[in-house]
Amino acid sequence: MITSYKKAKDDILQYYDEFLEVVRKAEFSEDDTSLKALKLQAEKIREDKFCLMIAGEAKSGKSTFINAYLGTEILPMDVRQCTSSVVEIRYGAEFVLNATYADGRTQKVSGEKDITAFLTTNAALDDEYRDIPITTINNEIIVKYQDKKISENVIVDLLRGVEKENIHRLAPEEYNRKIREYIKKKQPHWREVVVKIDIEYPFEDKNMRGVRIIDSPGVNAAGKVGDVTAAYIESADAIMFLRPITGVAIEANSFKEFLESKSVDRNKNAMFLILTRAAAESAETIERAYEEFINMFGIQKNDSRHGIMKEQIIPVDSKAELYYNEFQSMSTEEIKAAIKRMNTEKKIEPFIKAAWFDADGEKESFLKELRRISNFNVIDQSLNRFGRKAQFIALSEFLGRMLKVYAKISVMLREKIANYELKAKDPGKLAVKIKQTEAELIDIENRMNEKVDDIIAKYAGSGRKGLIAQRAEEVMSEYKKKIENIKGIGNSSLEELEKLSFRQVDTFIDFEADLQKKVIAECNEALKVALSGNNTVEYVSLEPDFSKELVEKIKTDMKSEANETYTYTTGTTFTKTHTGSRFSQSKYYHLVKNSISERIESIKQQAIRDLRSFVSHTVTAYTKELARNADTKKKELLKIKNDKKTAEEIMIIITELKEMLASLEPKERDVAELKGGIDGNV
């Protein structure tokens with residue numbers, strides 16, 4: 001099993017460079033679909049873009065965690081961060097910050113000193129209002145309404161919505177008074193609210209250059225997320241929700257609510273619960289708290305839609321990791337002096353003193369103990385296992401395609417050797433073989449054209465005869481049964497309805513992907529049948545390779561001929577479910593349910609039309625690729641036939657081809673072994 005993404009990526013790119021040299025020496029066609037797809041995939045692997053989203057409660061230590069993870073202090077850690085902005089951190093040639101304000105203005109800040117000052121000013125929580133949910137107020141009121149008059153009903157609805165966010169347990173009257181006061185004070189200055197901060201930093205560690213960190217402010221004490229945060233959640237490769245390991249009631253519902261929110265529900269990628277500040281607690285306390293969290297969230301089954309397993313609950317200490325990063329570059333004497341200075345100034349953490357004492361002043365033992373305390377190595381392992389799953393799948397697909405091209409090259413080399421040997425022995429027999437091969441290829445194409453008509457009829461048959469219509473009806477029926485079980489009382493019912501509806505759209509998307517695989521599999525099987533009998537042509541040399549790019553082209557061609565498609569968004573209907581209503585909740589729920597059901601039915605009908613068209617386009621593209629591959633084979637044969645080489649030159653060519661063919665076996669074996677190790681991780 002391969003568990004290190006970096007190691008797997010480096011090995012793959014090394015094998016790819018060797019592969020390209022083989023392609024060059026073998027004079028393999030640059031127009032081959034598989035080869036073109038490989039080159040595009042290689043660029044994506046080199047770019048290695050990975051989006052990690054950090055969410056969490058107030059006082060969970062997000063800034064400290066992010067700095068520790070990145071290996072450098074980018075975000076100020078001595079302020080109570082509470083802004084309306086999403087902070088995005090990625091690699092750049094220089095340390096620069098670009099801020100976007102609520103009115104659309106942008107500001108660029110350069111240099112560590114000015115950037116720190118900007119972040120401190122714009123992320124610092126005013127002590128006067130540190131006990132009210134400023135993030136929610138800014139997003140839902142200040143930024144949304146701008147200069148418009150805010151009605152009393154809107155404010156009352158907000159106060160009801162943030163009742164659970166009174167984490168400092170103010171008297172309700174005082175809590176509501178402060179919120180109203182903040183709105184009155186801040187609304188005239190809504191233009192000064194920063195809604196987005198982009199930070200570019202020149203990381204020395206090359207492994208961090210493909211990572212994009214999203215620091216989200218949009219998770220409140222009840223686990224709810226704002227619209228901006230929700231959009232980032234759906235695009236993240238992994239999400240880490242931070243909360244202190246102790247000091248917060250374990251039975252609090254914030255993470256549970258976050259895990260079950262509709263935006264997280266739509267994200268199929270890795271979710272982690274990160275328990276921070278572990279170094280400040282005893283091993284016994286950590287173990288007890290950890291087990292309680294596992295019992296609450298780690299008992300869900302692996303096949304649950306968005307459950308979280310034991311391995312995804314990780315206790316860490318960010319300060320220990322920060323010290324580990326700092327001390328790595330120091331000598332033993334420098335570390336000793338730094339610890340002595342911290343001790344004199346009474347700024348030393350107890351775990352630092354204990355680790356230094358236990359290591360008996362030995363640097364490597366000290367660093368090893370800090371890494372054990374920080375537990376950040378488990379973060380890396382877990383990201384590789386869960387968060388990197390999509391990237392590991394992409395690596396496996398890349399290696400699979402490389403093996404396919406190696407197989408094509410092997411077939412090509414064997415055919416070249418056989419044809420050159422035949423040319424050297426009897427040129428007349430080579431000419432006869434070429435005519436026989438051409439006739440076989442024409443026969444195969446004809447038989448395939450007959451078979452694809454059967455495939456179209458099977459999947460895209462009119463009425464309810466085709467598999468597309470039958471399966472779509474089954475999927476819709478399952479959805480209707482599920483929503484009928486919702487009681488229809490309160491906002492929780494609307495949330496559940498919305499989640500199920502989003503899942504239904506995802507089901508149709510998965511349905512299309514599954515159908516695509518089945519249609520291509522049937523085409524491949526039909527080609528194998530067409531090649532059976534006395535044919536001398538090898539299957540691998542004719543099989544079309546359906547890359548993602550080719551499938552996207554099919555979809556683009558299909559859309560140009562199709563009617564305008566329906567879309568499913570959280571538009572007006574869904575927004576109303578979160579703003580409160582004076583109408584009957586039950587009546588309102590059923591109106592919303594009927595409206596959504598009608599939209600889902602429309603999506604189903606459009607999906608049937610689109611999928612029928614997709615099948616037709618797919619089999620057409622398949623047969624075109626088959627014809628192109630057959631044409632390439634004909635050209636290779638004619639090239640050998642018309643090659644004006646002497647008998648001696650032909651023998652040299654044959655020897656070189658045999659040596660090249662023999663060299664492929666160990667290369668293919670290495671690639672296959674690496675793929676097997678990666679597949680074990682997936």
Side-chain angles (χ1 to χ4, degrees), residues 54 59-81 89 91 94-95 97 110-120 123-124 199 201-209 211 213 215 242 244-247 274-283 285-286 314-381:
I54 310 298
K59 299 183 179 179
S60 60
K62 284 196 301 172
S63 296
T64 307
F65 176 85
I66 290 171
N67 288 339
Y69 181 76
L70 294 175
T72 185
E73 294 187 26
I74 294 178
L75 300 176
M77 297 182 290
D78 57 348
V79 298
R80 299 184 182 93
Q81 185 174 342
I89 306 169
Y91 173 75
E94 298 177 355
F95 191 12
L97 178 150
S110 302
E112 182 176 354
K113 183 179 178 181
D114 290 343
I115 288 174
T116 300
F118 181 90
L119 287 171
T120 301
I199 298 174
Y201 189 86
F203 297 109
E204 292 183 10
D205 185 351
K206 292 182 179 179
N207 294 327
M208 298 308 303
R209 295 184 181 182
V211 176
I213 300 288
D215 179 11
L242 274 59
I245 194 167
T246 59
I274 307 298
L275 308 177
T276 59
R277 299 174 186 156
E281 307 297 334
S282 67
T285 301
I286 292 172
I314 308 170
V316 302
D317 194 277
S318 304
K319 283 188 176 180
E321 183 70 8
L322 283 172
Y323 281 116
Y324 170 82
N325 295 331
E326 181 181 349
F327 289 140
Q328 268 194 109
S329 60
M330 294 184 183
S331 66
T332 302
E333 289 302 314
E334 287 172 331
I335 294 174
K336 184 177 180 180
I339 290 175
K340 185 177 181 180
R341 184 174 60 256
M342 287 189 291
N343 194 39
T344 301
E345 296 173 355
K346 296 182 179 181
K347 293 181 179 179
I348 193 168
E349 299 281 353
F351 70 84
I352 293 288
K353 188 182 292 187
W356 182 250
F357 177 80
D358 290 343
D360 198 24
E362 202 275 313
K363 176 182 175 181
E364 292 306 316
S365 297
F366 176 58
L367 292 177
K368 186 176 180 180
E369 179 63 9
L370 286 182
R371 204 88 215 281
R372 184 195 66 78
I373 295 169
S374 81
N375 209 31
F376 266 61
N377 60 314
V378 176
I379 293 281
D380 295 334
Q381 293 166 12

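Between Phe357 atom CZ and Ile352 atom CD1 the span is 15.5 Å, to the nearest 0.5 Å. To the nearest 0.5 angstrom, Phe351 atom CZ is 6.5 Å from Ile373 atom CD1. Rounding to the nearest 0.5 Å places CG of Leu97 at 5.5 Å from CZ of Phe118. With rounding to the nearest 0.5 Å, the separation of CG in Leu75 from CG in Asn67 is 5.0 Å. Remark: Leu242 CG to Ile314 CD1 distance equals 10.5 Å, nearest 0.5 Å. Annotation: the span from Asp317 atom CG to Glu281 atom CD amounts to 10.0 Å, rounded to 0.5 Å.
Judged by distance alone, with hydrogens and angles left aside, the side-chain atoms of Asn325 form a donor-acceptor pair with the main-chain N or O of Ala68 at under 3.5 Å.
Residue-environment remark: CD (Glu204) stays at or below the threshold of 12 foreign heavy atoms within 6.0 Å.
Looking at heavy atoms from C-beta onward, Thr285 lies out of side-chain contact with Ile245 at the 4.5 angstrom threshold. Counting heavy atoms from C-beta on, the side chains of Ile74 and Ile66 never come closer than 4.5 Å. Side-chain contact check for Ile339 versus Ile348: some heavy-atom pair is nearer than 4.5 Å.
For residues 348-365, the set of pairs meeting the salt bridge (charged side-chain N to carboxylate O under 4.0 Å, His left out) definition, not counting sequence neighbours, comprises Lys319-Glu349.
The nearest pair of heavy atoms linking Lys62 to Asp215 is NZ-OD1, 3.1 Å. Residues Glu369 and Ala355 share a closest heavy-atom pair of CG-CB, 3.6 Å. Between Lys347 and Tyr323, the closest heavy-atom pair is O-OH, 4.4 Å.
Using a 30° and 60° split on the angle between ring planes, Tyr201 and Phe95 fall in the perpendicular class, above 60°. Phe366 and Trp356 have perpendicular rings, their planes meeting at more than 60° on a 0 to 90° scale where under 30° would count as parallel.
A salt bridge is defined here as a Lys NZ or Arg NE, NH1 or NH2 lying under 4.0 Å from an Asp or Glu carboxylate O, and Glu333 with Lys336 fails to meet this definition.
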Before you tell me yes or no, could you show the steps for Met330 and Phe327 under side-chain contact (heavy atoms from CB on, under 4.5 Å), namely the whole-Å CA-CA distance, both residues' side-chain angles and the distance that decides it to 0.1 Å? CA-CA 5 Å; Met330 294 184 183; Phe327 289 140; 3.6 Å; yes
Test log, rule side-chain contact (heavy atoms from CB on, under 4.5 Å), inputs Ser374 and Arg371: CA-CA 5 Å; Ser374 81; Arg371 204 88 215 281; 4.1 Å; yes
Given side-chain contact (heavy atoms from CB on, under 4.5 Å), test Ile379 with Ile274 step by step and report yes or no. CA-CA 9 Å; Ile379 293 281; Ile274 307 298; 3.6 Å; yes
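Taking Thr344 as the reference, nothing meets the side-chain hydrogen bond (donor to acceptor under 3.5 Å, both in side chains) condition, with sequence neighbours excluded. Among residues two or more places apart in sequence or in another chain, the side-chain hydrogen bond (donor to acceptor under 3.5 Å, both in side chains) test is passed with Thr64 by none.
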